[in-house]
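Some notes on the structure that comes next.
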Number of protein chains: 2
Amino acid sequence: MEDEVDRLVEAWHAERPDLDVEPLHVLSRVSRLARHLDRARRAVFVAHGMESWEFDVLTALRRAGPPYELSPGRLLRATLVTSGTMTNRIDRLESTGLVRRSPDPQDKRGVLVRLTDAGRTRVDAAFADLVDRERELLGSLSPGDRRTLASLLRSLLVPFDTDPAA
Amino acid sequence: MEDEVDRLVEAWHAERPDLDVEPLHVLSRVSRLARHLDRARRAVFVAHGMESWEFDVLTALRRAGPPYELSPGRLLRATLVTSGTMTNRIDRLESTGLVRRSPDPQDKRGVLVRLTDAGRTRVDAAFADLVDRERELLGSLSPGDRRTLASLLRSLLVPFDTDPAA
DNA sequence: CGTGGATATCTCGATGTCAAGACAGGTAAG
DNA sequence: CTTACCTGTCTTGACATCGAGATATCCACG
C-alpha cells in the first residue's frame, strides 16, 4: 500500500538523485499526519460547538485539576502561543462564560484563569469524544504496533522536550 | 526517558481515570513532533532568506521536474491551502522574482506558474540543507527503527490519502 | 449550436496570530 | 530605602490565511 509520501519521495529521487532523501519517509509523514489529525479533531470539536484553540486552553485548565485554575503565563507556555494571543483567547472564552478571570491574591501583577462549571462540562464531553475518535484512527494498528510507534516517536521527541533550544 | 506526552497522559489519567487515554501516546506525539519540526525547518529556511510558505510552493514546482511549471490549482492542492492564499503567495513569489506567471495556452481561464532560474537555485540549496537537518533529527534512531517508524506511520496515513473524506 | 453546470483564478472582508513594546508590580543588591 | 532589573499581562499594528463570492472560460448534453 502506497501513500502520498511514497510518491513524494519518488518524485524527489527522480529530480535530485544526488541526495539521500530517506529522512522524508519519517518526517514528512509526521507533518502530513499531523495536518490530517488537525482536521479530524476540528470535526470532533464542531460537534461540541468548539474550536481547536478553545479546546487547547480548556484542556490545559482541566488537566491542572481542581480548582482548574492557571495563570495566563502558564497557559501560554502550555499551549505554545504568544502572550497577545493568549490575552485574546481568554477574553473570548470569558465572554462565552467558559472561564473566569480573577486577580491573583499572591501577586498583584497576576491574573488567574479558572474553568467555570459550564466550561468543565463542555471540555469533558469534547475530550471524551476526541479520545474515541483518535482510537478509531489508530484502528489499523495492533496494540503492539501502537506501543512500538509511541516509543519510537518518544525518542524523537525527547531532545526537543529536554533541550531549551526548542 | 520521559517526554512531555508522558506527563500529559499521566495528568489526564489522574483527572479522568474513567477514560482510556492510550491513543494520546501516539497521536499527541505526532502533533507535538510536527510542531517542533516546523520550528526546526523554519530555522533552516531563514539561513536561506526564505519562509516556510515560500519553500512549500517552490518545492512543489521543483518536484514537478522540467519545465518546473504548474497551475495555481495544482499548487494549492499540493500545499493544502485555499485559492485566495495561493494567489497571494504567487503574487509575492513573483514580486521577488522566484516564479513567473504566464497564460496557459491550452486553457484561457488558466495560468501557469514557472520556477525561474533564481527560484530553482534557491530551493535546491534550501532543500539540501533541510534534508541534512532532518537526518540529524533522526540521529537517535537506527536504520531499522526508521524503516519501522516510516512503515507504521504509512499505515496511519493511507486511509487519509485514499479516502476523499480528508 | 446553445445552454447549464463545472472549473480556474482572483478579489475582498474578517479574523487569529505574532512581535514588539507599554506598564504595573515584584525582587535583590547596595 | 532606592535603584535597577526582572516578570506578568495587556495593547497595538502588521500580516498570512480563510471563506465566500465574482468573473471568465470550458465542456457535455440536448
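Just so it is clear: chains get the letters A, B, ... in the order the sequence lines come, proteins before strands, and each one is counted from 1.
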Here the distance between atom P of C:dT17 and atom CD of A:E54, to the nearest Å, is 10 Å
To the nearest Å, give me how far apart CZ (A:R42) and P (D:dC18) are.
9 Å
Closest non-hydrogen atom pair, B:V113 against B:I90:
CG2-CD1, 3.7 Å
Which part of the nucleic acid, if any, lies within reach of B:N88 when heavy atoms closer than 4.0 Å are counted: base, sugar-phosphate only, or nothing?
base
Is it the case that the side chain of A:E134 and the backbone of B:L27 share a donor-acceptor pair, with hydrogens and angles ignored and the cut-off at 3.5 Å?
no
Length of the CZ-C1' vector between B:R89 and D:dC15, whole Å:
13 Å
Contact nearer the 5' end of DNA chain C, comparing B:T85 with A:W53
B:T85
Here the distance between atom P of C:dA8 and atom CG of B:L112, to the nearest Å, is 12 Å
Nearest-nucleotide check on DNA chain D, B:D107 vs B:T82; residue mapping nearer the 5' end is B:T82
Atom pair distance, as rounded to whole Å: CG in A:D104 and C1' in D:dG8:
10 Å
Distance check needed: C:dG26 C1' versus A:Q106 CD, whole Å only.
13 Å
Please report the shortest heavy-atom distance between B:R154 and A:R29, naming the atom on each side.
NE-NH2, 3.3 Å
Over how many whole Å does the gap from A:I90 atom CD1 to D:dC10 atom C1' extend?
10 Å
Could you tell me whether A:G84 contacts a base, only the sugar-phosphate backbone, or nothing, with contacts defined as non-hydrogen atoms closer than 4.0 Å?
base
If you look at every strand shown and take non-hydrogen atoms under 4.0 Å, does A:R74 touch a base, only sugar-phosphate, or nothing?
nothing
What are the two closest non-hydrogen atoms of A:E15 and B:R62, and how far apart are they?
OE1-NH1, 2.9 Å
For residues A:L137 and A:L37, report the shortest heavy-atom separation together with the two atoms involved.
CD1-CD1, 3.6 Å
Let's test your reading of the model: under 3.5 Å, does the base of D:dT9 pair with the side chain of A:R109 as donor and acceptor?
no
Go through D:dT9, D:dC26, C:dC10 for me and flag the one nearest to the B:K108 side chain.
D:dC26
Rounded to whole Å, how long is the line connecting atom CD of B:E51 with atom P of C:dC18?
14 Å
May I ask you to say what B:R92 touches in the nucleic acid, namely base, sugar-phosphate or nothing, with a heavy-atom cut-off under 4.0 Å?
sugar-phosphate
